[in-house]
Amino acid sequence: MSAPKADADGFRRLMARWPTGVSVVTARSGEQDGGMTVNALLSISLDPPTLLVSLARDADTVPLLDASGHFAVSFLAARQRELSEGFARRVGAAEKFRGVPIRRGVTGAALLEGALGWIECRTLQTIPLADHRLYVGEVLAAREGTDAAPLLFYHRSYARADGGDRLILPPAPADRPSP
Ligand SMILES: Cc1cc2nc3c(=O)[nH]c(=O)nc-3n(C[C@H](O)[C@H](O)[C@H](O)COP(=O)(O)O)c2cc1C
């Protein structure tokens, strides 16, 4: 006897109990930039550094990833919530990038200024699955940005780790007071 399938609503409710960070995935092909808000992101392996993102098949940004063979990820800080909202709207790239400070990475993709960090990938493999496409990327560059508090997504809304903009990091091992 086969096990019963979970219904989509129950699954969505349950996944709302799984907190994540929030990123913007960008790609550039020719003169065309694209970007979308993404929290389905996973570090697959450290050696070699490999990253996976899961994008809705019908997202406008998807053809740009396919055309360029590269993508970049900007990890958003709590104070960048507006960027998360802006890049989650289907308004076209010109509108999304208007007034947004960016820098160009090694792949040419836009890196959002003020982010916690940036990763740039060469696409190793794309896997069509259900209504999504998985992009597995070889990490070409990984750079740390600001040490601000991360933007979090939890219970289908934004959350903050510490109620403020500052991130309280644990002391580095050498600085820890001895017991
Ligand atoms: C916090 C948050 C996380 C999201 N994560 C994803 C994701 O992991 N994958 C995805 O396909 N869409 C995700 N979305 C939705 C896309 O950002 C949204 O559909 C966007 O409009 C797609 O842009 P485009 O069609 O212009 O490319 C997320 C939205 C929000 C607000």
Side-chain angles (χ1 to χ4, degrees), residues 11-27 33-56 59-62 64-65 70-90 93 96-97 100-103 105-107 109-124 126-127 129-172:
F11 179 53
R12 179 145 31 110
R13 263 202 314 279
L14 216 283
M15 289 312 294
R17 293 171 175 254
W18 178 247
T20 68
V22 181
S23 77
V24 172
V25 170
T26 51
D33 279 301
M36 61 187 278
T37 304
V38 168
N39 67 347
L41 176 151
L42 179 66
S43 157
I44 293 284
S45 126
L46 294 179
D47 188 15
T50 309
L51 183 79
L52 179 147
V53 291
S54 173
L55 309 185
D60 292 340
T61 308
V62 157
L64 279 174
L65 267 78
H70 293 92
F71 61 92
V73 179
S74 300
F75 291 166
L76 297 187
R79 64 174 79 111
Q80 294 182 305
R81 177 179 166 161
E82 272 181 24
L83 289 182
S84 174
E85 290 166 348
F87 278 90
R89 299 205 331 262
R90 298 197 77 170
K96 287 185 181 186
F97 281 95
V100 176
I102 61 156
R103 198 160 358 120
V106 292
T107 62
L111 309 179
L112 306 193
E113 294 281 14
L116 305 179
W118 305 272
I119 296 178
E120 289 183 85
C121 293
R122 179 177 72 87
T123 303
L124 288 176
T126 63
I127 304 160
L129 203 63
D131 55 358
H132 276 59
R133 273 170 84 80
L134 310 184
Y135 289 81
V136 180
E138 170 192 22
V139 176
L140 302 179
R143 266 198 44 217
E144 292 175 60
T146 173
D147 276 338
L151 183 61
L152 301 178
F153 200 69
Y154 183 52
H155 269 278
R156 281 177 247 167
S157 64
Y158 294 99
R160 281 149 92 120
D162 66 351
D165 279 340
R166 268 179 2 105
L167 178 64
I168 316 290
L169 290 167

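Everything quoted here is computed from the prediction, not taken from an experiment.
- Remark: Leu112 CG to Phe97 CZ distance equals 6.5 Å, nearest 0.5 Å.
- Atom CZ of Arg17 has 12 or fewer neighbouring heavy atoms from other residues, nucleotides or ligands inside a 6.0 Å radius.
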Checking Val38 against Phe87 for the side-chain contact (heavy atoms from CB on, under 4.5 Å) test, could you report, in this order, the C-alpha distance in whole Å, the side-chain angles of both residues, the deciding distance, and whether it holds? CA-CA 9 Å; Val38 168; Phe87 278 90; over 6 Å; no
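- Between the OG atom of Ser23 and the CG atom of Leu83 there is a distance of 12.0 Å, given to the nearest 0.5 Å.
- Counting heavy atoms from C-beta outward, Glu120 and His70 have side chains that stay 4.5 Å or more apart.
- Between atom CD1 of residue Ile119 and atom CG of residue Leu41 there is a gap of 7.0 Å, rounded to the nearest 0.5 Å.
- How far CD of Gln80 is from CG of Leu151: 8.0 Å, rounded to the nearest 0.5 Å.
- Annotation for Leu152 and Val22: closest pair C-CG2, 4.2 Å, computed over non-hydrogen atoms.
- Nearest heavy atom pair, residue Thr37 against residue Ala88, reads OG1-N, 3.2 Å.
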What verdict does the side-chain contact (heavy atoms from CB on, under 4.5 Å) test give for Arg79 and Thr146, after you've listed the backbone C-alpha separation in whole Å, the side-chain angles of each residue and the deciding distance to 0.1 Å? CA-CA 11 Å; Arg79 64 174 79 111; Thr146 173; 4.2 Å; yes
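- A salt bridge links Arg81 to Glu85: at least one charged side-chain nitrogen sits closer than 4.0 Å to a carboxylate oxygen.
- Across all their heavy atoms, Ala109 and Ala27 have their closest contact at CB-CA, 4.2 Å.
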Applying side-chain contact (heavy atoms from CB on, under 4.5 Å), run through Thr126 and Arg133 and close with a yes or a no. CA-CA 7 Å; Thr126 63; Arg133 273 170 84 80; 3.3 Å; yes
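- Taking a 6.0 Å sphere around CZ of Arg13, one finds it holds 12 or fewer heavy atoms contributed by other residues, nucleotides or ligands.
- Across every non-hydrogen atom of Ala159 and Tyr154, the tightest pair is CB-CB, 4.3 Å.
- Here the straight-line distance linking atom CH2 of Trp118 with atom CD1 of Ile102 works out to 12.5 Å at 0.5 Å rounding.
- Considering every non-hydrogen atom in both Ala77 and Leu116, the closest pair reads CB-CD2, 3.7 Å.
- From Lys96, atom NZ reaches atom CG of Asp60 across 7.0 Å, with rounding to the nearest 0.5 Å.
- Proximity of Val62 to Tyr135: side-chain heavy atoms (C-beta onward) are separated by under 4.5 Å at one or more points.
- Looking at heavy atoms from C-beta onward, Phe153 lies out of side-chain contact with Leu76 at the 4.5 angstrom threshold.
- Looking at Thr61 and Leu55, their side chains never come closer than 4.5 Å, going by heavy atoms from C-beta outward.
- Side-chain atoms of Thr50 never come within 3.5 Å of backbone atoms of Ile44 as a donor-acceptor pair (strictly under, hydrogens ignored).
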Test log, rule side-chain contact (heavy atoms from CB on, under 4.5 Å), inputs Leu14 and Arg12: CA-CA 5 Å; Leu14 216 283; Arg12 179 145 31 110; over 6 Å; no
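- Residues Ala115 and Ser74 share a closest heavy-atom pair of CB-CB, 4.0 Å.
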